[in-house]
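Working notes, structure below.
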Amino acid sequence: MRNPVRPVLVVIAHGSRDPRHAATVHALVQRVRSLRPGLRVETGFLDFNIPSVQGVLESLAAEGERDVVALPLLLTRAFHAKADIPAVLRDAPPQLHIRQAEVLGPSPLLLSALERRLYEAGLTPADKSSTGVVLASAGSSDPEAIAVIADIAREWWHTGWCAVRPAFASASLPRTEDAVRDLRALGCERVAVAPYVLAPGFLPDRIARGAAGADVLADVLGPAPEVARVLLERYDEARLPLPAVLGA
């Protein structure tokens, strides 16, 4: 039986006209449910898909739920996390107590998921020192988000890859194909592209086209078990009481 005081986890996904996007989101959410039996997990979309975030929140309020953790299904803190999602949550039914969880990244678990996808695509741990990796993200006009991707690339390089270069499918440079050429020129024996995206869609397809000159193209992160574990970590963090302020 579900613990009535446990907040409902509402996963907020961007949404896409590409049906693969919603299917992948639902597969990830199902994995989260399997890892935490008894936790109620709902999915709402900002655009293109149903149910909408607003619709999910209204349904929960009508059912008598009062405590919600809203978790952005995003890898970086960019516009959606800073503006779109808070705006939607402000319009939620007033009887709901909603805490917005942090975005998923950065996290060591996500690096593990990236490596999982590369190994599934044909690489082995023995290939690391001779392989250059393109860390290909969707891209953003937010400098904070771009800096985070660069930091992740540096951190990942220090785990033993020949080199790791960030790339972006939109809004920022370099593009995936430019990073592939850069790694070739650097002398890496092979080049792999690791999409740092959660689900298929328009921008991941652009990443795939830019990877035409690479030796290996990994799949999107999707419902990797490590990603599901990060979701639950963010949920648990959001449930923690705020630290007391000295002198308050």
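The residues of the chain are indexed from 1 along the displayed sequence. Only heavy atoms go into these numbers, but all of them, side chains included; no hydrogens, no water, no symmetry mates.
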- Task: Identify the two heavy atoms, one from Tyr235 and one from Pro7, that lie closest to each other, and give their separation to 0.1 Å.
- Result: OH-O, 2.6 Å
- Message: When you group the ILVMFWY residues by side-chain heavy-atom contacts below 4.5 Å and let the links chain together, are Val193 and Phe202 in the same group?
- Response: no
- Query: Judged by atom type as modelled, is there a donor-acceptor pair below 3.5 Å linking the side chain of Arg117 to the main-chain atoms of Ala218?
  - Reply: no
- Message: Looking at every heavy atom in both Glu42 and Leu60, which two are closest together, and how far apart are they?
- Response: CG-CD2, 4.3 Å
- Item | Sidechain-backbone polar pair: Asp91 side chain, Val88 backbone, donor-acceptor under 3.5 Å | no
- Check step by step if side-chain contact (heavy atoms from CB on, under 4.5 Å) holds for Ser107 and Arg234. CA-CA 10 Å; Ser107 167; Arg234 297 293 179 258; 3.9 Å; yes
- Query: Taking all atoms of both residues into account, what is the closest heavy-atom pair of Ala211 and Leu217, and its distance?
  - Reply: CB-CD1, 3.9 Å
- To the nearest 0.5 Å, what is the distance between CD (Glu65) and CZ (Arg40)? 5.0 Å
- Task: Give a yes or no answer on whether the side chain of Arg33 reaches the backbone of Val41 with a donor-acceptor pair at less than 3.5 Å.
- Result: yes
- Can Phe45 and His26 be said to form a ring pair (Phe, Tyr, Trp, His ring centres under 6.0 Å), step by step? CA-CA 11 Å; Phe45 295 90; His26 290 310; 5.7 Å; yes
- Leu173-Leu135 co-clustered via ILVMFWY side chain contacts under 4.5 Å: no
- Value rounded to 0.5 Å, distance of CZ in Arg175 from CZ in Arg209: 11.5 Å
- Message: One pair to check against side-chain contact (heavy atoms from CB on, under 4.5 Å): Leu39 and Leu232. What are the steps and the verdict?
- Response: CA-CA 10 Å; Leu39 172 63; Leu232 289 172; 3.9 Å; yes
- Item | Verify same cluster id: Val25, Leu75 (apolar side-chain graph, 4.5 Å) | yes
- Message: If you count every heavy atom of other residues, nucleotides or ligands that lies below 6.0 Å from Arg17 atom CZ, does the total exceed 12?
- Response: no
- Could you check Val56 against Thr43 for side-chain contact (heavy atoms from CB on, under 4.5 Å), going step by step and ending with a plain yes or no? CA-CA 7 Å; Val56 169; Thr43 308; over 6 Å; no
- State, to 0.1 Å, how close Ala179 and Arg165 come at their nearest heavy-atom pair, and which atoms those are. CB-CB, 4.2 Å
- Query: Can any side-chain N or O of Ser170 pair as donor or acceptor with the backbone N or O of Ala138 at less than 3.5 Å?
  - Reply: yes
- Thr24 and Leu198, any side-chain heavy atoms less than 4.5 Å apart: no
- Item | Ala238 to Val69 - nearest heavy-atom pair and separation | CB-CG1, 3.8 Å
- Pairwise distance NZ(Lys128) to CG(Leu118) - rounded to 0.5 angstrom: 9.5 Å
- What closest approach, in Å, do Ala171 and Ser141 show between heavy atoms, and which atom pair accounts for it? CB-N, 3.8 Å
- Message: Could you check whether any side-chain heavy atom of Gln30 comes within less than 4.5 Å of a side-chain heavy atom of Pro223, counting everything from C-beta outward?
- Response: no
- Below 4.5 Å, heavy atoms only, C-beta onward: do Thr131 and Val216 meet side chain to side chain? no
- Item | Residues in ring-ring contact (aromatic ring centres under 6.0 Å, His included) contact with His97, at least two apart in sequence or another chain | none
- Message: Just verifying a value: how many Å separate Ile85 CD1 and Ile12 CD1, rounded to the nearest 0.5 Å?
- Response: 4.5 Å
- Query: Linking I/L/V/M/F/W/Y whenever their side-chain heavy atoms sit closer than 4.5 Å, directly or via other members, would Leu104 and Ile149 fall into one cluster?
  - Reply: yes
- Message: Salt bridge or not between Asp219 and Arg116? Use side-chain N to carboxylate O under 4.0 Å.
- Response: no
- Task: Is it possible for you to say whether Val197 and Leu111 belong to one hydrophobic cluster, with membership spreading through side-chain heavy-atom contacts below 4.5 Å?
- Result: no
- Query: Any Lys/Arg nitrogen of Glu226 or Arg229 sitting under 4.0 Å from an Asp/Glu carboxylate oxygen of the other?
  - Reply: no
- Task: If the plane angle is over 60° it's perpendicular, under 30° parallel, otherwise tilted; pick one for His14 and His21.
- Result: perpendicular
- Message: Between Val103 and Thr76, is there a side-chain heavy-atom distance shorter than 4.5 Å?
- Response: no
- Task: Measure the shortest side-chain to side-chain distance between Arg36 and Leu9 over non-hydrogen atoms and say whether it is less than 4.5 angstrom.
- Result: no
- Take Leu57 and Ile98 through the test side-chain contact (heavy atoms from CB on, under 4.5 Å) and record every step on the way to the result. CA-CA 10 Å; Leu57 296 176; Ile98 302 176; 4.1 Å; yes
- Roughly how far, to the nearest 0.5 Å, is CD of Glu189 from OG of Ser129? 8.5 Å
- Query: Would you say Val8 and Glu63 make side-chain contact, with heavy atoms under 4.5 Å?
  - Reply: no
- Task: State the OG-NE2 distance between Ser140 and His80, to the nearest 0.5 angstrom.
- Result: 8.5 Å
- Leu46 side chain near Val53 side chain, heavy-atom distance below 4.5 Å: yes
- Are the side chain of Tyr196 and the backbone of Pro166 linked by a donor-acceptor contact shorter than 3.5 Å? no
- Message: Is there a side-chain contact between Arg184 and Asp215 in this structure, where contact means two heavy atoms from C-beta onward sitting under 4.5 Å apart?
- Response: yes
- Any donor-acceptor pair under 3.5 Å linking the side chain of Asn49 with the backbone of Ser16? yes
